[in-house]
2 protein chains.
Amino acid sequence: MSAITNAIHEKTSSMNRKEKELADFILEHAREIVHMGITELAERSGASTATISRFCKQLHFSGYAEFKVKLSAELAGEAAAPAYQDIVAGRPLTDIIAAVESNHLRAIGDTARLIDRKALERAVLALRSARQIGVYGMATSGLVAQDFHQKLVRIGRSAHAFTDHHMMLTSASNLTADDAAICISYSGRTAETISALRCARESGAVTISLTKFGSNLLADLADIALFTSPLEEGMRRGDMASRITQLFLVDILFVALISDQFEEYVPRLERSFQMVRKYT
Amino acid sequence: MSAITNAIHEKTSSMNRKEKELADFILEHAREIVHMGITELAERSGASTATISRFCKQLHFSGYAEFKVKLSAELAGEAAAPAYQDIVAGRPLTDIIAAVESNHLRAIGDTARLIDRKALERAVLALRSARQIGVYGMATSGLVAQDFHQKLVRIGRSAHAFTDHHMMLTSASNLTADDAAICISYSGRTAETISALRCARESGAVTISLTKFGSNLLADLADIALFTSPLEEGMRRGDMASRITQLFLVDILFVALISDQFEEYVPRLERSFQMVRKYT
DNA sequence: TGATGGATGTAAATAATTTTCTTGTTACTA
DNA sequence: TAGTAACAAGAAAATTATTTACATCCATCA
């Protein structure tokens, strides 16, 4: 709890009926109040503008404007909300923002703590020495695959990303022992991605899986298994935090790869951006 | 540097004399401004109240009051979060994980604080009532576009995502006044995406831009401008945090949309997952 | 040099906030 | 129980802040 909300809370006992109502409303809707005028707050809280103005002065602010600015600053320093939040009906926008924010933040934090440095290290080595890299995933994981592909292309690495099952297999069947395949599936149970990994493995390539943490077929089959935080099922509805954490891992892989061969890759990266700017 | 001060800084080059003076004063005295009224700021900075009010609108704030509240939040959040880390050579894996993690966390936090609820509200309304939704973006922003498209398809909305310039225009030219277009570009200066927005606008559709915060052509042209935190240029090298924050906004839009019409969309969403499971 | 357009300020209009004043309620006392 | 003091709370007036419309000025270019 912040200094201001705390002060309001403490003061509650010495308050009148209306003031208490107002205090409760403010504590309840702190994040929205920051964007309301005094009139709007008056309407929504059931108190008059005069009462609110007096309330702010009691808290030793110069007025409502200062109260808002201070409250805004306080809330900014705080985490949005602690735990995973599910999508529910008819919530105000402020709650939705806070919920999505906290889910994302938490998912990234959880995933960071879960990372197995040894496995990551091996994955980076495999990618570094791969002649060619195949990246496979369906639906949302397909987008993550494409994202990694885009990054690899930017540094001039030979890579392919596929979302189409047949093309995945076609690509995987042409990999060799010099190559690597990275197969992405949140559940680790996606049939198409599993068969792509099997095919890549049969071709002799090093296989890397990227799935949620926990036992799953894709991770079990892979040479190197990377994991993201497994989220509450409710949240999966939109494939939101799962995709964020997969991208987070892709980013780490990419940065590790670059950091490894900085002098070679960074100029290529810069050049690729400059060229895009030049020709568009 | 915060998102807002950064945006002001960038804009400096395209400013008039008085505006530049004002911008300098604001950058210099950011922490004091939070406690000044527009009149006091006018006196101290040497600009008129009118110029200040216009200045705030140019930065896409609803007015001086909102500017102050957002600035206050930014300055407070700044202190709480660690600074952005750039990619550098030969760092140990542990450092890389920590750096990427903190960049992502910070980017999400910054973006959350920056969100304009009014604009978001309008965007949600536009998307809710749209007959058809066109989603356009190039490269990394193209993946974000596809992500939003996938989400919309899951809830049975009629939507199209394109990365191919010609197809963007073809799609945008077929939109009507009943439709909406959302155009994604981190810089807000991507030629193809800008022309797609122009085309959609000409077709009568409601246009929504999703760009980094700060003045940019795409945002200026759009009916509704949504923003993500503008990151240090160094980080752009990999399009990492920018993509995370764009997805963050897409997630918020999606959740808001669902939350709005919960009874209709949630069963569709569940059904779409079940069907995928059933047939694979 | 005069026209044009944009930048900027002034002042009017509007909106937001604070204060004053009045009313109504409670609680205490005669 | 009626009277009254004390105070809470809102309506509305007063004040203050912000935005907008309009006028002016200045630089630029023909």
Side-chain angles (χ1 to χ4, degrees), chain A residues 4 8 11-27 29-30 32-73, chain B residues 4 7-8 10-27 29-30 32-73 116-119 121-122 215-217 220-221 225:
Chain A
I4 294 173
I8 295 174
K11 222 179 152 299
T12 285
S13 51
S14 67
M15 280 178 186
N16 317 313
R17 193 173 47 78
K18 269 283 159 181
E19 272 185 331
K20 212 167 283 182
E21 266 177 57
L22 176 60
D24 287 346
F25 185 90
I26 290 173
L27 292 175
H29 302 89
E32 294 169 67
I33 284 162
V34 167
H35 306 285
M36 290 183 203
I38 199 170
T39 319
E40 192 183 347
L41 176 55
E43 274 166 17
R44 298 241 275 131
S45 71
S48 70
T49 59
T51 303
I52 295 169
S53 180
R54 283 191 284 256
F55 181 86
C56 295
K57 303 229 157 171
Q58 277 186 22
L59 290 167
H60 302 285
F61 293 109
S62 71
Y64 180 67
E66 199 201 337
F67 168 72
K68 248 177 35 172
V69 165
K70 290 273 168 65
L71 186 63
S72 164
Chain B
I4 294 172
I8 294 174
E10 270 190 18
K11 217 177 156 297
T12 285
S13 52
S14 67
M15 280 179 185
N16 315 311
R17 194 173 46 80
K18 269 285 158 184
E19 273 185 330
K20 211 167 284 180
E21 269 177 54
L22 176 59
D24 287 346
F25 185 89
I26 290 173
L27 292 175
H29 302 87
E32 298 166 61
I33 283 161
V34 164
H35 305 288
M36 290 183 204
I38 199 170
T39 319
E40 191 183 348
L41 176 55
E43 277 166 17
R44 298 240 275 134
S45 71
S48 69
T49 59
T51 303
I52 295 170
S53 179
R54 284 190 284 255
F55 181 85
C56 295
K57 301 229 156 162
Q58 276 187 20
L59 290 166
H60 298 279
F61 292 110
S62 69
Y64 180 68
E66 198 201 337
F67 167 73
K68 250 176 35 172
V69 166
K70 289 276 164 63
L71 185 63
S72 165
D116 176 352
R117 268 128 252 253
K118 293 277 172 357
E121 184 89 59
R122 290 196 297 137
S215 197
N216 67 72
L217 187 52
D220 291 345
L221 290 172

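Each chain gets a letter, A, B and so on, in the order the sequences are listed, and its residues count up from 1.
- I52(A) has its side chain out of reach of F67(A): every pair of non-hydrogen atoms, C-beta onward, lies at least 4.5 Å apart.
- Using a 4.0 Å cutoff on non-hydrogen atoms, the parts of residues 32-39 of chain B near DNA chain D are G37(B), I38(B), T39(B), ordered by number.
- Axis angle, first five pairs versus last five pairs of the helix from dT1(C)-dA30(D) to dA30(C)-dT1(D): 10°, rounded to 10°.
- A 6.0 Å sphere centred on NZ of K118(B) holds no more than 12 heavy atoms belonging to other residues, nucleotides or ligands.
- Residues from residues 56-66 of chain B lying near DNA chain D, meaning a heavy-atom separation below 4.0 Å, are K57(B), G63(B), Y64(B) in numerical order.
- Between S215(B) and D220(B), the shortest heavy-atom distance links the atoms OG-OD2, 3.7 Å.
- Atom CD of E40(A) and atom P of dA16(C) are 10 Å apart (whole Å).
- Put simply, CZ on F55(B) is 14 Å from P on dT19(D), counting in whole angstrom units.
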Anything under 3.5 Å between a donor and an acceptor, one on a side chain of residues 56-64 of chain A, the other on a protein residue two or more places apart or in another chain? List them.
| residue | atom | partner | partner atom | Å |
| --- | --- | --- | --- | --- |
| Q58(A) | OE1 | K11(A) | NZ | 2.8 |
| Q58(A) | NE2 | E19(A) | OE2 | 2.8 |
| S62(A) | OG | E66(A) | OE1 | 3.0 |
| Y64(A) | OH | M36(A) | O | 3.0 |

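- Between the S72(A) side chain and the V34(A) main chain, no donor and acceptor come within less than 3.5 Å of each other.
- Protein atom NZ of K20(B) is 12 Å distant from nucleotide atom P of dA7(C), rounded to whole Å.
- A distance of 10.0 Å separates CG of D24(B) from CD1 of I8(B), quoted to the nearest 0.5 Å.
- One can place CD of E43(A) at 14 Å from C1' of dG10(D), the figure rounded to the nearest angstrom.
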Which atom pairs link the protein and nucleotides 8-10 of chain C when you take only N or O atoms and keep those under 3.5 Å?
| residue | atom | partner | partner atom | Å |
| --- | --- | --- | --- | --- |
| dT8(C) | OP1 | K18(B) | N | 2.9 |
| dT8(C) | OP2 | N16(B) | ND2 | 3.2 |
| dG9(C) | OP2 | S48(B) | N | 3.2 |
| dG9(C) | OP2 | S48(B) | OG | 3.2 |
| dG9(C) | OP2 | T51(B) | OG1 | 2.9 |
| dG9(C) | N7 | R54(B) | NH2 | 3.1 |
| dG9(C) | O6 | R54(B) | NH1 | 3.3 |

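- Nucleotide dT18(D) holds its P atom 10 Å from the CG atom of L41(B), rounded to whole Å.
- One distance of note links OG1 of T12(B) with CG of L27(B); it measures 6.5 Å at 0.5 Å rounding.
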For a quick test of your reading: what N or O donor-acceptor pairs under 3.5 Å do the side chains of residues 37-46 of chain A make, sequence neighbours left out?
| residue | atom | partner | partner atom | Å |
| --- | --- | --- | --- | --- |
| R44(A) | NH2 | E32(A) | OE1 | 2.7 |
| S45(A) | OG | L41(A) | O | 2.8 |
| S45(A) | OG | A47(A) | N | 3.3 |

